[in-house]
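These notes concern the structure reproduced below.
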2 protein chains.
Amino acid sequence: MSATAEQVTKGERTRAAILERAVDLASLEGLEGLTIGRLAAELRMSKSGLFAHFGSKQELQLATVAAAADRFRVAVVEPAMGAGEGAPRLRALTESYLEHLDLYAGGCFWAATSIEYDDRPGPVRDAIAGALDAWLAGLTREAAAAGALDPDRFAFELYALTMGANSRFRLSGDRRPFEYVRAALASLEAELGD
Amino acid sequence: MSATAEQVTKGERTRAAILERAVDLASLEGLEGLTIGRLAAELRMSKSGLFAHFGSKQELQLATVAAAADRFRVAVVEPAMGAGEGAPRLRALTESYLEHLDLYAGGCFWAATSIEYDDRPGPVRDAIAGALDAWLAGLTREAAAAGALDPDRFAFELYALTMGANSRFRLSGDRRPFEYVRAALASLEAELGD
DNA sequence: CCTACCGATCGGTAGG
DNA sequence: CCTACCGATCGGTAGG
């Protein structure tokens with residue numbers, strides 16, 4: 001009669017499908033460029049039908065950020081957790097980050113939206129900033145475990161290099177930065193033992 | 001009677017004032033968020049009066065990109081040309097880049113717009129990509145003069161680190177990355193002599 | 001450089 | 001989840 005805990009209602013499936021597409025669209029066009037009308041047209045729904053799932057554009061944006069965080073965790077973070085903490089895990093995180101850039105049409109969701117929202121105060125910006133801070137904090141933790149003298153600096157460098165590879169790849173189609181990131185990470189690791 | 005070469009017409013002054021504001025607005029809100037109506041309101045002009053200077057939104061965007069390139073040349077590149085080529089000039093370029101982030105409300109115009117346009121084919125994207133490629137090429141030239149074993153990799157790393165410092169500063173107000181960039185550049189230079 | 005428009009699209013609402 | 005709307009704003013035009 002009623003839904004069990006395992007059952008996924010039709011509404012939940014629709015909502016998940018909307019957010020899947022919303023993350024892709026936001027990676028491509030930004031969270032402002034993500035319009036309810038366009039999203040509805042791509043999913044062959046009415047605008048108001050889609051709108052009813054969220055109640056406001058801002059709630060759609062917040063749900064999209066949360067869905068992107070889930071996707072990033074599954075595609076980038078969790079696959080690297082099999083590697084031992086410290087240097088092996090930093091290499092695994094870097095590899096899964098670089099690989100996920102080829103998986104999704106819009107490239108890195110966080111690169112696109114963090115730049116877009118850095119000057120737009122509000123809950124959407126706060127959610128994006130929180131996700132980025134958590135990513136940096138994770139890198140810092142692994143850098144510390146790897147024995148980095150300055151884990152914050154190490155984490156910043158790895159963050160900047162991977163995001164930079166995303167930028168260069170998307171703007172110029174240049175894949176050489178992928179190799180430069182790997183080489184730079186190896187150089188950073190070489191400093192660890194000294 | 002007629003305008004001499006030195007004379008700046010009123011139309012040219014108005015156009016320059018529009019573009020000055022347009023570069024700031026685009027750094028803050030992106031080149032799509034830069035709307036003719038808002039720009040006109042801020043400059044206390046009519047929409048159509050402003051529009052007449054450019055003829056289309058795309059021409060306004062292209063003129064804004066060109067004005068941003070001029071500003072970057074004056075604020076970042078030219079001040080560093082007094083330093084000797086190679087390592088001293090790389091340090092000077094890095095310093096003037098980091099300083100210019102405090103000078104303008106929206107931070108780095110190129111960080112904001114290159115991410116925004118990496119998925120929007122057309123002349124605006126081409127202009128942005130051309131400016132970024134020229135910046136990378138300049139860094140590569142100086143890295144080669146400094147004796148880098150792989151000038152392209154050196155240039156990419158410096159590009160990624162400086163852009164990364166812009167991102168972290170704007171999203172989290174964290175200025176430590178400015179020091180990390182300086183330290184990383186020093187490490188890169190230390191590799192040169194080896 | 002202006003006023004006065006245009007059709008399209010925006011986020012959002014009413015009522016079912 | 002739909003149709004049928006709303007006021008505001010978008011890029012752009014006509015005519016001066």
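The sequence lines fix the lettering, A, B, ..., with proteins before strands; numbering per chain opens at 1. The structure displayed is predicted, hence computed values, not measured ones.
Between the CG atom of B:Leu60 and the C1' atom of D:dC10 there is a distance of 14 Å, given to the nearest Å. Between the C1' atom of C:dT13 and the CZ atom of A:Phe54 lies a distance of 18 Å, rounded to the nearest Å. The interatomic distance linking B:Lys57 (NZ) with D:dT9 (P) rounds to 15 Å, in whole Å. C:dT13 atom P lies 10 Å from atom CD1 of A:Ile36, rounded to whole Å. Between the CG atom of A:Leu50 and the P atom of D:dC2 there is a distance of 9 Å, given to the nearest Å. C:dC1 atom C1' lies 14 Å from atom CZ of B:Arg13, rounded to whole Å. The separation between B:Leu39 atom CG and D:dC10 atom P is 11 Å, rounded to whole Å. We find that CZ of A:Arg44 is positioned 13 Å from P of D:dC2, with the value rounded to whole Å.
Between A:Tyr97 and A:His100, the ring-plane angle classifies as tilted under the 30° and 60° cut-offs.
As the counterpart of D:dG7, C:dC10 is assigned, both hydrogen-bonding distances of the Watson-Crick or G-U wobble pattern falling under 3.5 Å. D:dG15 and C:dC2 make up a base pair, with Watson-Crick or G-U wobble contacts both under 3.5 Å.
Between the side chain of A:Lys57 and the backbone N or O of A:Leu34, at least one donor-acceptor pair lies under 3.5 Å.
With rounding to the nearest 0.5 angstrom, the OG1 atom of B:Thr113 is 12.0 Å from the CZ atom of B:Arg125.
For B:Met45, counting side-chain heavy atoms from C-beta on, the closest listed nucleotide (D:dC2, C:dC1, C:dG12) is C:dC1. Listed candidates were C:dG11, D:dG11, D:dC1. Nearest to the side chain of B:Phe51 is D:dG11.
Contact annotation: B:Ser48 side-chain N/O to D:dG12 OP1/OP2 distance is not under 4.0 Å. Residue A:Thr35 has a polar side-chain atom (N or O) positioned under 4.0 Å from OP1 or OP2 of C:dC10.
Side-chain atoms of B:Lys47 come within donor-acceptor range of the base of D:dG11, with a qualifying N/O pair under 3.5 Å.
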Worksheet item: For A:Asp133 and B:Ser172, what are the C-alpha separation, side-chain angles and deciding distance, and is it a side chain to side chain donor-acceptor pair (under 3.5 Å)?
Response: CA-CA 8 Å; A:Asp133 286 349; B:Ser172 298; 3.2 Å; yes
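No option in A:Trp110, A:Tyr159, A:Phe72 other than A:Phe72 meets the ring-ring contact (aromatic ring centres under 6.0 Å, His included) test with A:Trp135.
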